[in-house]
Amino acid sequence: MHIDELIAYLHSYLDVGSFSDASLNGMQIEGFKNCTKIATAVTASLEAIDAAIEEGADTLLVHHGLLWKGQMSPIRGTLKERYSAILESNINLLAYHLPLDANREVGNNSYLCSLLDLKNTDYVSAGDPTSIAMKGNFESKKSISEIASVLADSLQCKVQVLGNCDRNALISDVTVCSGSGSFLIDSNYVPKFEALITGDVNEQTYHMAKETGTPVFVLGHDASEQGGIKLLGDHIAHRFDIEHIHLHFNVENEVAVYDYSDK
């Protein structure tokens with residue numbers, strides 16, 4: 001299909017126009033006019049770009065693109081390498097940020113809710129997709145260890161828990177915000193949710209989680225946002241009979257960890 005047709009469809013399907021976003025959503029770099037094979041990845045890293053080219057994709061669809069509002073920097077170093085790789089291969093770069101986080105069918109937050117089989121899911125501001133984060137409750141209470149195990153196994157990641165870390169503590173409801181969702185508790189002195197699931201956190205999050213007694217499940221930014229972009233690629237492939245390959249790099253699992261007691 002023509003790349004402009006795909007972009008028009010995604011603009012409507014993800015309701016891009018409803019979101020105020022730091023990302024340039026949609027086409028970021030133009031390449032081939034005809035789209036027959038897409039690769040998806042969380043971030044337009046050099047690793048993802050090279051892998052998409054090697055797989056013979058004509059389009060790379062990502063959650064974190066290269067163009068952000070207010071960004072003014074020389075195109076040099078690894079940024080130059082990313083641009084050069086895309087331009088020389090003539091592949092398209094498409095990016096969808098907040099509209100993908102919030103989508104009820106293929107969104108990152110909806111995906112995390114589905115992993116936990118949450119019931120009565122809605123946005124944190126009821127019925128408002130632009131509030132991005134979602135909330136839901138368990139049919140029967142789940143322990144912290146049960147929740148962490150499901151997330152770790154499903155996402156192939158390590159799960160940290162801040163605040164109330166009693167593995168047997170029971171939880172009725174959770175709020176879910178992929179990526180950098182700790183803002184939901186960082187300045188929230190009386191949280192209205194029992195627990196928060198997010199990608200990465202700030203220093204303040206540790207104190208607020210502990211002082212309010214609110215467990216915060218930390219998955220890693222990349223791990224928390226693998227689901228949505230893959231589901232979006234699968235959706236496009238099924239609807240338009242386009243080949244799709246998802247590029248999964250397990251970013252956080254590649255990080256070396258040294259314990260203070262290591263010699």
Side-chain angles (χ1 to χ4, degrees), residues 42 63-64 98 101-102 107-126 128-228 250-262:
V42 173
H63 183 49
H64 303 135
L98 295 183
D101 286 325
N108 288 317
N109 293 323
S110 180
Y111 176 71
L112 294 175
C113 288
S114 70
L115 292 181
L116 295 170
D117 195 26
L118 293 177
K119 310 300 182 184
N120 305 309
T121 57
D122 197 355
Y123 297 101
V124 289
S125 294
D128 180 9
T130 64
S131 63
I132 311 298
M134 299 184 72
K135 59 185 178 180
N137 60 269
F138 296 106
E139 192 166 30
S140 58
K141 292 184 178 182
K142 302 290 184 185
S143 70
I144 285 179
S145 62
E146 288 178 296
I147 297 169
S149 293
V150 169
L151 293 169
D153 291 345
S154 301
L155 300 173
Q156 302 172 37
C157 69
K158 300 171 185 176
V159 177
Q160 297 176 301
V161 181
L162 308 182
N164 181 357
C165 302
D166 179 359
R167 62 183 295 109
N168 297 314
L170 297 176
I171 304 296
S172 297
D173 67 84
V174 297
T175 288
V176 175
C177 189
S178 69
S180 300
S182 67
F183 68 90
L184 289 163
I185 193 172
D186 287 347
S187 299
N188 187 350
Y189 295 98
V190 188
K192 291 183 171 58
F193 47 83
E194 285 190 41
L196 173 65
I197 296 170
T198 190
D200 55 38
V201 297
N202 298 310
E203 185 268 348
Q204 175 71 356
T205 314
Y206 169 82
H207 301 291
M208 293 299 289
K210 185 176 181 179
E211 292 172 21
T212 63
T214 306
V216 177
F217 296 80
V218 185
L219 313 178
H221 198 121
D222 181 82
S224 75
E225 298 191 324
Q226 284 290 337
N250 272 36
V251 170
E252 286 89 5
N253 290 343
E254 295 180 6
V255 177
V257 177
Y258 296 91
D259 188 82
Y260 72 92
S261 61
D262 291 343

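This chain uses plain numbering: 1 for the first residue, then up along the sequence.
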Criterion side-chain contact (heavy atoms from CB on, under 4.5 Å) on C113 and M134, from CA distance to verdict: CA-CA 8 Å; C113 288; M134 299 184 72; 4.1 Å; yes
Verdict with reasoning, H63 to N108, per side-chain contact (heavy atoms from CB on, under 4.5 Å): CA-CA 10 Å; H63 183 49; N108 288 317; 3.6 Å; yes
S178/D101 under side chain to side chain donor-acceptor pair (under 3.5 Å): CA gap, chis, key distance, verdict: CA-CA 7 Å; S178 69; D101 286 325; 3.2 Å; yes
Residues Y189, T212; criterion side-chain contact (heavy atoms from CB on, under 4.5 Å); working and verdict: CA-CA 7 Å; Y189 295 98; T212 63; 5.7 Å; no
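Considering CG of L155 and CG of L112, their distance stands at 6.5 Å, rounded to 0.5 Å. Of the inter-residue distances, the one linking N253 atom CG with D222 atom CG reads 9.0 Å to the nearest 0.5 angstrom. Summarising the geometry, atom NZ belonging to K210 is positioned 8.5 Å from atom NE2 belonging to H207; distances are rounded to the nearest 0.5 Å. Taking CG from L219 and CD from E225, the interatomic distance works out to 10.0 Å, rounded to the nearest 0.5 Å.
By the 4.5 Å heavy-atom criterion applied to side chains, V176 and V174 are counted as neighbours. The closest side-chain heavy-atom distance from S172 to K141 is below 4.5 Å. Inter-residue side-chain proximity for V159 and V218 is flagged as unmet; no heavy-atom pair is nearer than 4.5 Å. V42 places a side-chain heavy atom less than 4.5 Å from the side chain of Q226. Put simply, the side chain of T198 reaches to within 4.5 Å of the side chain of V216, judged on heavy atoms. Using a 4.5 Å heavy-atom threshold, the side chains of F138 and L118 count as touching. Taking 4.5 Å as the limit, every side-chain heavy atom of N137 sits out of range of all side-chain heavy atoms of E194. The closest side-chain heavy-atom distance from F183 to T205 is not below 4.5 Å.
Atom OH of Y206 is surrounded by 12 or fewer heavy atoms from other residues, nucleotides or ligands within 6.0 Å. Other residues, nucleotides and ligands contribute more than 12 heavy atoms inside 6.0 Å of the CD atom of Q204.
Remark: S149 engages no residue in a side chain to side chain contact (heavy atoms under 4.5 Å, CB included) (not counting sequence neighbours).
For H221 and H64, the ring centers are positioned less than 6.0 Å apart.
No side-chain donor from either of E254 and N250 sits under 3.5 Å from a side-chain acceptor of the other. Checked by atom type, the side-chain pair N168/S143 shows no donor-acceptor distance below 3.5 Å.
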